[in-house]
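Reviewing the structure listed below.
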Amino acid sequence: MNFVKRAGTSLRARKSKAAALLAVFVVLCTLLLGGFLLQGATARQEAEVQRRVGVDVTVRGEGLTRRLADRLGGSERVHRYNPVLSLRAGARGFAPLRSEGGGSDGAGAGDGEQPAVALNGVRDFGLLLPFSYGSARITAGRGVAPGDADRDVVVVEERLAAKNGLAPGDTLRLASADGERTVSATVVGVFRDPAPDPARWTPSYELPGNLLYVPVRTAERLGAGASEVREAVFRIGAPEQAEGLHSAAERLLGGTDFDFRVNDKAYRDQVRPVQRVGAFAELIVWLVAVAGALILGLVVLSQTRERREELGVLLSMGERKWKLVGQLVVEVAAVAVPAVFLAVLIGRVAGGPAGDALLPRAADEPAAHPGTAPAPVDPPQLRAGAVDVGRVAGIALGISLVATVVPGVGILRLHPRSILATDT
């Protein structure tokens with residue numbers, strides 16, 4: 001009889017033992033699939049953390065202009081960037097806040113002693129430190145976005161907005177320090193700065209309520225073409241990429257001294273738990289593969305010893321030894337294949353709860369309203385793909401091969417007379 005048909009007959013005759021072997025395989029395949037799904041989910045979550053949280057690198061130095069910041073921000077390793085250009089401007093058609101205690105600003109904005117305001121030209125509001133960590137927040141509208149680069153928009157502090165009745169959609173006129181240039185900007189947002197008004201007299205441009213945010217190019221026009229920025233913040237994917245960014249900054253700045261600071265605390269706080277889960281998943285895969293081979297090897301070995309008489313009869317009838325080993329391989333493989341599909345079904349049912357329990361929740365950055373409290377990002381679902389199923393099937397068949405071939409070596413060393421003599 002063909003050894004493949006004989007394997008099917010043997011499985012039907014030993015239904016209880018085949019069921020027990022199937023149960024062992026289902027457990028092993030489920031654990032293997034869970035390990036692979038965890039590895040894939042942690043890799044996706046780590047990539048998402050790199051994109052959303054990332055590592056902030058702050059560059060300060062002489063000669064750092066908006067154009068150089070744009071070139072450095074165009075690097076493939078930079079996800080987002082934000083140059084900051086600081087200057088003073090005069091007010092036209094609205095009243096800046098005044099400090100208690102009197103005094104004169106000497107703003108020179110073309111209207112005598114009109115107080116001045118402080119401008120921060122920015123590109124990406126979400127990378128400003130006070131808003132990233134929640135000490136300041138948007139209370140109405142939105143912040144300056146990269147899409148505002150060629151627009152004249154402004155974000156004002158709520159004390160200044162309350163004094164002048166400003167709201168998103170209103171127009172604000174700003175003047176250069178020498179009063180020769182004016183810009184009409186649309187108010188797109190109102191923010192709250194927690195810094196209190198100083199108790200002593202302070203120049204108006206130093207009052208927290210007189211700080212305004214505009215796009216960098218708007219600030220350049222009001223600053224008589226000034227383009228040297230105070231600092232530039234670049235968000236990269238991982239701390240390992242900081243060295244490459246430092247080399248690029250050094251080339252662009254001509255080797256001059258500059259301050260290069262890496263802030264990776266938020267990244268490490270988010271990524272380390274994910275990486276620990278990924279390492280745990282990899283350990284699961286290795287342990288299950290090794291333990292599965294040992295357990296199935298012992299099961300097959302015990303079944304082989306119970307079937308010594310059957311094997312001896314087949315050998316005495318002239319059956320080749322390799323076919324006996326092949327029969328055992330087919331029997332175990334025939335049980336392994338349905339076990340893989342059962343493991344996939346179990347994974348579909350238990351994937352969601354398992355992902356919520358095992359994967360850490362990463363904090364998302366605020367998108368629409370920078371400065372608000374971070375919202376948690378749901379961990380990715382554990383979903384079995386064709387690649388994961390293929391890997392589990394391959395390992396399961398490999399385990400079945402090892403578990404049968406190794407005990408089958410003993411069969412190759414036996415002779416029919418010794419087997420039958422021992423059984424009798």
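FYI, side chains are in, hydrogens and waters are out, and symmetry mates aren't considered; it's all heavy atoms of this structure.
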**Fill in**
In short, P338 meets L22 closest at the heavy-atom pair CG-CD1, 4.2 Å

**Asked** Within the side chain of T139, is there an N or O that forms a donor-acceptor pair under 3.5 Å with the backbone of R137?
**Response** no

**Message:** Looking at R230, I'd like to know if its CZ atom is crowded, meaning that more than 12 non-hydrogen atoms belonging to other residues, nucleotides or ligands lie closer than 6.0 Å.
**Reply:** yes

**Asked** What distance do R88 atom CZ and L119 atom CG have between them, rounded to the nearest 0.5 Å?
**Response** 11.5 Å

**Request:** Quick one: pull up CG in L21 and NZ in K17 and give me the separation to the nearest 0.5 Å.
**Result:** 11.5 Å

**Message:** Contact between L160 and F94 at the side-chain level, heavy atoms closer than 4.5 Å - yes or no?
**Reply:** yes

**Message:** Donor-acceptor pair, distance only, cut-off 3.5 Å: does the side chain of N210 make one with the backbone of S204?
**Reply:** yes

**Message:** Working note: Y81 + D70, criterion side chain to side chain contact (heavy atoms under 4.5 Å, CB included); need CA distance, chi angles, decisive distance, verdict.
**Reply:** CA-CA 8 Å; Y81 70 99; D70 289 342; 2.8 Å; yes

**Complete:** When rounded to the nearest 0.5 Å, the distance separating CG of L28 from CD1 of I395 is 11.0 Å

**Prompt:** Knowing that exactly one of L174, L172, T171 qualifies, which makes a side chain to side chain contact (heavy atoms under 4.5 Å, CB included) with S184?
**Reply:** T171

**Prompt:** Would L207 and R159 count as a side chain to side chain contact (heavy atoms under 4.5 Å, CB included) if you check the C-alpha gap in whole Å, the side-chain angles of each, and the deciding distance to 0.1 Å?
**Reply:** CA-CA 10 Å; L207 293 176; R159 282 167 284 193; over 6 Å; no

**Message:** Are the side chains of N120 and S86 in contact, using a 4.5 Å heavy-atom criterion?
**Reply:** yes

**Item:** Residue that, paired with L85, satisfies side chain to side chain contact (heavy atoms under 4.5 Å, CB included) out of E228, E231, E220
**Value:** E220

**Request:** Mind listing the closest non-hydrogen atom pair of R123 and N82 along with its distance?
**Result:** N-OD1, 2.6 Å

**Prompt:** Between F131 and Y213, what is the ring plane arrangement, given parallel below 30°, perpendicular above 60°, and tilted in between?
**Reply:** perpendicular

**Item:** Close side-chain approach of E250 to F258, heavy-atom, < 4.5 Å
**Value:** yes

**Request:** Determine whether F280 and T42 make a side-chain contact, defined as any pair of heavy atoms from C-beta on separated by less than 4.5 Å.
**Result:** no

**Asked** Short question: side chain of R173, backbone of T182 - any donor-acceptor pair under 3.5 Å?
**Response** no

**Request:** Indicate yes or no: does D124 engage R235 in a salt bridge with an N to O separation below 4.0 Å.
**Result:** no

**Complete:** dist R221:CZ -> D152:CG (nearest 0.5 Å) comes out at 4.0 Å

**Message:** Strictly distance-based, threshold 3.5 Å: is any side-chain N or O of D193 a donor or acceptor partner for the main-chain N or O of A195?
**Reply:** yes

**Message:** Donor-acceptor pair, distance only, cut-off 3.5 Å: does the side chain of Q241 make one with the backbone of G237?
**Reply:** yes

**Prompt:** Would you say I138 and V155 make side-chain contact, with heavy atoms under 4.5 Å?
**Reply:** yes

**Prompt:** Going from CG on N263 to CG on L129, what distance comes out if it is rounded to the nearest 0.5 angstrom?
**Reply:** 7.5 Å

**Message:** Between F36 and V387, is the side chain to side chain contact (heavy atoms under 4.5 Å, CB included) condition met? List the steps.
**Reply:** CA-CA 10 Å; F36 286 132; V387 176; over 6 Å; no

**Asked** How about V144 and V214: do any of their side-chain heavy atoms sit closer than 4.5 Å?
**Response** no

**Fill in**
Correct closest heavy-atom pair for A161 and V190 would be CB-CG1, 4.1 Å

**Prompt:** Between the side chain of S135 and the main-chain N/O of P130, is any donor-acceptor distance below 3.5 Å?
**Reply:** yes

**Request:** Report yes if some heavy atom in the side chain of L68 is under 4.5 Å from a heavy atom in the side chain of L72; otherwise report no.
**Result:** no

**Request:** List the atom of A343, the atom of L33, and the distance in Å for their closest heavy-atom pair.
**Result:** O-CD2, 3.5 Å

**Request:** Please report the shortest heavy-atom distance between P196 and P208, naming the atom on each side.
**Result:** O-CG, 3.8 Å

**Fill in**
Minimal heavy-atom distance between I346 and T30, with the atoms involved, is CD1-OG1, 3.8 Å

**Request:** Find out whether V84 and L128 are in side-chain contact, i.e. whether some heavy atom of one side chain is under 4.5 Å from a heavy atom of the other.
**Result:** yes

**Message:** Could you go through V277 and L38, starting from their C-alpha distance and side-chain angles, then the distance that decides it, and tell me whether this counts as side chain to side chain contact (heavy atoms under 4.5 Å, CB included)?
**Reply:** CA-CA 8 Å; V277 174; L38 270 179; 4.1 Å; yes

